[in-house]
Amino acid sequence: MDGYFQTVREVWILTPPDNDDIEELVRIAAQQESPVYRRTLFMALRSIELFFPRRVIHHEGKEVNATPLLRLPDGTNAMMLYTSKSHPDLPDRFGGGTFKDALAAALKMPSLDWVILSNRASQWVAISKQQIPAILDDLHSGRPNQGNPFVASETDPAAKMVEDLITRAVRTKSEELSPPIGSVLGDRELFLELTAGESEDDQPIMKTFQVEQLRHVVRAYTTRIRPGIRYGGIRWKALKDMIRIAPEIGGVQIINNADDWVVFDRESLGFGAS
């Protein structure tokens, strides 16, 4: 054990996942073809800007913007949504909008059969028109289900994906895979390991550890299944903000239920070198 650090007041900072995270989420959902990974991708995309072809047509004597549909080999039509403006299949004339707005617009297109998400590597995740209302309901329902923090929930897609990605990160060379664990955590609650006592002003105190060469690392668990540990719940975004304003903290170690773990140092969190 490396030492102790007093916790600070929780602060909510809402920041979207970055582009590389979205690229990786699309890749995973395209390859796994699992409802768990698809839902996690859709929740991450909720307010992210995507890009689509745009052309000007004449309608009732006026010039209006229209979204051309891609004719697929089976004769159906798809709206293409691209994660990047630099995608090679995106034409020079294009528009942008949030994932939610694009899905809502797609519902109003009578000849549309599919919405297809494409990342920069041209990996596709297809959504049938019949699935769109349920996806929109899910996106508008608020924060994803947090599940039971005491157990690993197989019915909570985000919880399962966090567990799987941490294990994959441990078993895969870092240069081959950079799982978007931070984005999948989103607004989830993690559980910091605390000391048995409290500070002089009755505040809980976080334990800090040395993890390999990194000192003063706080430890957080994905659930509270381990006996004999005093836990303190905190949202992922609030934990990052706490680390940002406390330069004494070198990073955070996140441990899943399989005892696999990853470490985010200050640099990987975007706060400069440790």
Side-chain angles (χ1 to χ4, degrees), residues 12-19 21-54 65-67 69-70 72 76-83 95-119 123-149 151-165 180-190 222-223 235-238:
W12 289 64
I13 301 293
L14 300 180
T15 57
D18 63 32
N19 290 340
D21 289 348
I22 293 299
E23 295 294 312
E24 182 68 9
L25 285 173
V26 174
R27 185 192 70 78
I28 293 171
Q31 292 182 353
Q32 298 294 330
E33 297 183 355
S34 162
V36 171
Y37 297 127
R38 285 170 61 90
R39 183 175 184 269
T40 303
L41 168 65
F42 299 156
M43 296 303 293
L45 284 172
R46 182 163 32 185
S47 299
I48 295 294
E49 184 178 24
L50 299 172
F51 307 96
F52 45 84
R54 177 65 61 85
N65 289 316
T67 302
L69 302 180
L70 177 67
L72 300 175
T76 57
N77 300 305
M79 172 196 283
M80 297 299 300
L81 298 178
Y82 298 99
T83 58
T98 66
F99 180 54
K100 289 189 299 185
D101 291 344
L103 289 183
L107 270 181
K108 300 176 183 178
M109 299 181 180
S111 57
L112 178 139
D113 302 293
W114 301 90
V115 173
I116 296 177
L117 294 164
S118 177
N119 64 5
Q123 293 163 311
W124 287 10
V125 175
I127 302 168
S128 71
K129 192 173 187 178
Q130 292 74 22
Q131 294 172 323
I132 293 176
I135 294 172
L136 286 174
D137 287 345
D138 202 23
L139 296 177
H140 287 295
S141 66
R143 150 184 329 168
N145 176 28
Q146 298 296 326
N148 184 342
V151 298
S153 174
E154 292 297 322
T155 61
D156 182 352
K160 185 178 185 303
M161 194 168 188
V162 168
E163 297 290 319
D164 291 348
L165 285 179
I181 296 169
S183 288
V184 178
L185 284 170
D187 192 30
R188 297 192 65 79
E189 188 175 24
L190 295 173
T222 56
T223 61
R235 304 287 180 190
W236 171 237
K237 294 181 178 70

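Positions are given from 1 along the sequence. Nothing here was measured: the structure is a model prediction, and the numbers come from that model.
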List in chain and number order the residues that pass salt bridge (Lys or Arg N to Asp or Glu O under 4.0 Å) with D164, two or more places apart in sequence or in another chain; answer none if no residue qualifies. K160

First locate atom CD of E24, then atom CD1 of I181, and finally report the distance between them rounded to the nearest 0.5 Å. 10.0 Å

With sequence neighbours excluded, tell me which residues meet ring pair (Phe, Tyr, Trp, His ring centres under 6.0 Å) with W114. none

Run the side chain to side chain contact (heavy atoms under 4.5 Å, CB included) test on Q131 and R38 for me, step by step, so that the C-alpha distance in whole Å, both residues' side-chain angles and the decisive distance to 0.1 Å come before the verdict. CA-CA 12 Å; Q131 294 172 323; R38 285 170 61 90; 3.5 Å; yes

Nearest heavy-atom neighbours spanning M80 and S118: CE-CB, 4.3 Å

Is the shortest heavy-atom distance from the side chain of I22 to the side chain of L45 under 4.5 Å? yes

Any side-chain heavy atom of K100 within less than 4.5 Å of one from R46? yes

Are any of the side-chain heavy atoms of I28 and M161 separated by less than 4.5 Å? yes

Between R188 and A159, the two heavy atoms sitting closest are NH2-CB, 3.5 Å

Please tell me if the side chains of L139 and L103 come closer than 4.5 Å, counting only heavy atoms from C-beta onward. yes

The reported gap from NZ in K129 to CG in N77 (rounded to nearest 0.5 angstrom) is 10.0 Å

In terms of heavy-atom contacts, A78 and L72 come closest through CB-CD1, 4.1 Å

Who pairs with F51 by side-chain contact (heavy atoms from CB on, under 4.5 Å), at least two apart in sequence or on another chain? E49, K85, L90, F94

Under the side chain to side chain contact (heavy atoms under 4.5 Å, CB included) rule, what do K237 and L185 come out as? Steps first, then yes or no, please. CA-CA 9 Å; K237 294 181 178 70; L185 284 170; over 6 Å; no

For residues F99 and L81, determine if any side-chain heavy atom of one lies less than 4.5 Å from a side-chain heavy atom of the other. yes

Ring pair (Phe, Tyr, Trp, His ring centres under 6.0 Å) partners of Y82, counting only residues at least two apart: H87

N119: side-chain contact (heavy atoms from CB on, under 4.5 Å) partners, not counting sequence neighbours: E23, V26, R27, T83, A121, Q123

Do S128 and D113 come close enough that some side-chain heavy atom pair is under 4.5 Å? no

Would you say I127 and I116 make side-chain contact, with heavy atoms under 4.5 Å? no

Does M109 reach the side chain of T67, with side-chain heavy atoms less than 4.5 Å apart? yes

Applying side-chain contact (heavy atoms from CB on, under 4.5 Å) to D101 and not counting sequence neighbours gives T98

